[in-house]
Amino acid sequence: MKIWAVLCLAFLCVELQNGSCQQAKRRQDEGQNRIRPGGKRAKAKRPRLRDDGGRGQSLLIQVLDKRRFVRLGPTTTLTPGGNMELRCKGDAIGWSYPPYLDAFNDSRLSIKQSDKYSQLILTSPSAADTGAYSCWVVVCDGNECDKDHERTYESYIYFTDKDSLFVPSAIHFEIVYLRPDRPAVVPCRVTSTQAQVSLHREVPPEEIPANGSLVTYDPTKGFALQRPSPEYQGVFYCKAVTTGTPQISTKYQLLYVEVPSGPPFVSLEASATSARGGDNLNFTCTVLGEPDMDLSFTWLYPGQDQRPVHIHTSWRLVNRGTHHTTRVSQSVMTVEDMETIDYGNYICKAKNRHGETIVTTVVSSK
């Protein structure tokens with residue numbers, strides 16, 4: 001009987017010891033899974049950007065700091081001041097950016113090409129730097145290189161400045177030409193997508209509503225007049241407001257133009273068709289053309305490279321008829337103290353992007 005009692009007590013002690021051990025183990029396991037105050041959490045790994053070059057995925061990236069990158073979409077809003085760094089992956093990359101940065105040879109802009117990517121850095125950007133920034137892969141076949149249009153990426157970047165709602169212009173009074181065969185744009189671009197913008201005529205004072213058909217508005221371009229007509233001539237400006245006092249853009253002079261596109265229409269007139277030795281003659285070459293089309297003059301004459309001449313070139317805008325504005329360009333060549341070598345054909349060549357026109361006049365001896 002004593003032996004049996006001893007065995008029962010021993011068995012009971014073993015069971016109690018096992019239960020205590022299991023309970024202690026459960027506490028230990030629960031303690032491992034519990035986040036203790038002040039304890040260190042495991043850092044979550046940042047997903048890496050995949051530059052697989054697939055269509056629809058922009059490879060234009062903004063560098064925020066050494067460890068953070070943002071892939072840019074069609075539009076981006078940034079704050080003026082701090083430096084902007086953009087990258088585009090590839091060993092041969094081309095870039096485009098607001099044209100004035102090239103026109104003024106702005107030293108704030110720099111582009112560097114490395115083995116794996118190209119880097120564009122713009123220091124201290126301001127509202128004036130608002131515009132389209134794009135990059136593309138350059139593909140070469142031997143010595144010929146071209147832009148890969150399937151791997152071109154663009155983002156329109158707004159440098160939002162509450163004190164400059166309009167993108168500043170170097171010209172305080174701009175001319176906009178209205179042509180009946182194409183839309184005309186009043187280029188009052190803004191620096192904020194939140195700005196409410198309207199177009200106004202100065203005299204008589206009135207607002208020109210953007211109705212989505214005849215007049216449309218795009219913050220990256222300005223107001224587009226889809227069917228320009230003489231009634232839009234005059235001085236215009238744009239007004240923008242977000243909160244507070246509205247801001248006014250630069251002024252725009254809208255001129256209606258109706259000049260056929262094509263090679264220059266040229267006339268050549270001499271102050272005399274015959275002359276004596278010692279006379280002075282003027283030859284005037286006149287072109288009527290589109291106001292904003294570049295034009296160049298070339299002269300051929302009997303005493304070429306042997307006789308000195310004076311050439312003066314100028315242009316001005318004139319009104320023709322009631323509502324039309326055109327550009328009159330002139331090149332005047334003066335031959336002084338006529339000699340025998342100066343008699344013969346005088347030729348004027350006028351050239352624009354559409355072609356070249358040649359006119360001739362003859363000077364004989366009296």
Side-chain angles (χ1 to χ4, degrees), residues 42-161 164 166-170 185 187 189-193 218-222 294 353:
K43 291 184 178 180
K45 294 183 178 180
R46 296 182 181 274
R48 297 182 61 186
L49 292 172
R50 292 183 59 195
D51 296 334
D52 54 9
R55 292 185 181 180
Q57 289 194 341
S58 174
L59 297 189
L60 183 57
I61 295 172
Q62 181 192 4
V63 182
L64 300 181
D65 53 40
K66 293 183 179 180
R67 297 188 60 184
R68 291 196 300 157
F69 304 88
V70 174
R71 198 187 301 274
L72 300 186
T75 60
T76 304
T77 299
L78 300 179
T79 302
N83 297 347
M84 178 184 72
E85 179 182 344
L86 304 180
R87 289 186 184 181
C88 202
K89 184 178 180 181
D91 57 1
I93 297 295
W95 290 91
S96 70
Y97 36 82
Y100 93 95
L101 290 171
D102 268 339
F104 293 95
N105 195 22
D106 202 316
S107 60
R108 296 178 303 121
L109 179 74
S110 64
I111 295 176
K112 299 178 182 179
Q113 178 70 55
S114 66
D115 293 338
K116 295 183 179 180
Y117 61 85
S118 182
Q119 179 186 48
L120 181 149
I121 296 178
L122 181 62
T123 60
S124 301
S126 66
D129 299 312
T130 296
Y133 293 77
S134 66
C135 67
W136 58 85
V137 176
V138 177
V139 291
C140 297
D141 183 7
N143 294 327
E144 296 184 0
C145 295
D146 200 2
K147 178 179 181 178
D148 188 342
H149 295 280
E150 293 187 354
R151 289 185 290 175
T152 300
Y153 314 99
E154 178 176 308
S155 183
Y156 192 93
I157 300 179
Y158 295 90
F159 289 99
T160 300
D161 186 345
S164 297
F166 289 103
V167 178
S169 173
V185 177
R189 299 182 297 124
V190 292
T191 63
S192 171
T193 57
D218 183 340
T220 67
K221 297 177 181 178
D294 291 333
R353 66 172 179 264

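None of the values given here were measured: they were computed from a predicted structure.
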Exercise for the section: Could you grab the distance from atom OG1 of T76 to atom CG of L60, nearest 0.5 Å is fine? Expected result: 7.5 Å
Exercise for the section: Please test T123 against M84 for side chain to side chain contact (heavy atoms under 4.5 Å, CB included), starting from the C-alpha separation and ending with a verdict. Expected result: CA-CA 6 Å; T123 60; M84 178 184 72; over 6 Å; no
Exercise for the section: To the nearest 0.5 Å, tell me how far R87 CZ sits from S118 OG. Expected result: 10.5 Å
Fill in the blank from the handout: Residues Y153 and C88: closest non-hydrogen pair is CD1-SG, 4.3 Å
Practice task
May I ask you to decide if S124's main-chain N or O and N83's side chain share a donor-acceptor pair within less than 3.5 Å?
Solution key: yes
Practice task
Indicate whether any N or O donor in one side chain lies under 3.5 Å from an N or O acceptor in the other, for S192 and T160.
Solution key: no
Practice task
Locate the shortest heavy-atom distance separating Y156 from P219; write the atom from each residue and the value.
Solution key: OH-O, 4.3 Å
Problem - Side-chain donor or acceptor of R189 paired with backbone N/O of T130 under 3.5 Å - result: yes
Practice task
Given side chain to side chain contact (heavy atoms under 4.5 Å, CB included), test V137 with L59 step by step and report yes or no.
Solution key: CA-CA 10 Å; V137 176; L59 297 189; 5.7 Å; no
Practice task
Using the side chain to side chain contact (heavy atoms under 4.5 Å, CB included) rule, take I93 and V138 through it: C-alpha gap first, then chi angles, then the decisive distance, then the call.
Solution key: CA-CA 5 Å; I93 297 295; V138 177; 5.8 Å; no
Practice task
Give a yes or no on this: more than 12 heavy atoms of other residues, nucleotides or ligands lie within 6.0 Å of atom NZ of K147.
Solution key: yes
Fill in the blank from the handout: Nearest heavy-atom approach of P168 to A127 is CD-C, 3.9 Å
Completion exercise
Scanning both residues in full, the closest heavy-atom pair of R151 with D148 reads NE-OD2, 2.8 Å
Problem - Expected output: side-chain T191 to main-chain S164 donor-acceptor under 3.5 Å - result: yes
Practice task
Find the distance between CG (D146) and SG (C140) and round it off to the nearest 0.5 Å.
Solution key: 9.0 Å
Handout entry: Gap separating the OG1 atom of T77 from the CZ atom of F159, nearest 0.5 angstrom
Key = 10.0 Å
Exercise for the section: Nearest 0.5 Å please: distance from the OG1 atom of T79 over to the OH atom of Y158. Expected result: 15.0 Å
Exercise for the section: Side-chain contact test, heavy atoms from C-beta onward, threshold under 4.5 Å: evaluate it for L86 versus W95 and give yes or no. Expected result: yes
Problem - Approximate separation, where rounding is to 0.5 Å, of S134 OG and L72 CG - result: 11.5 Å
Handout entry: Test applied, side-chain contact (heavy atoms from CB on, under 4.5 Å); reference residue, Y133; option that passes from S96, P98, S155
Key = P98
Completion exercise
The side-chain hydrogen bond (donor to acceptor under 3.5 Å, both in side chains) partner of Q119 among K112, Q113, E85 is E85
Handout entry: Any donor-acceptor N or O pair under 3.5 Å, side chains Y97, D129
Key = no
Problem - Minimum heavy-atom distance between R108 and P125, given as atom pair plus value - result: NH1-CA, 3.7 Å
Completion exercise
In short, V167 meets V190 closest at the heavy-atom pair CG2-O, 3.9 Å
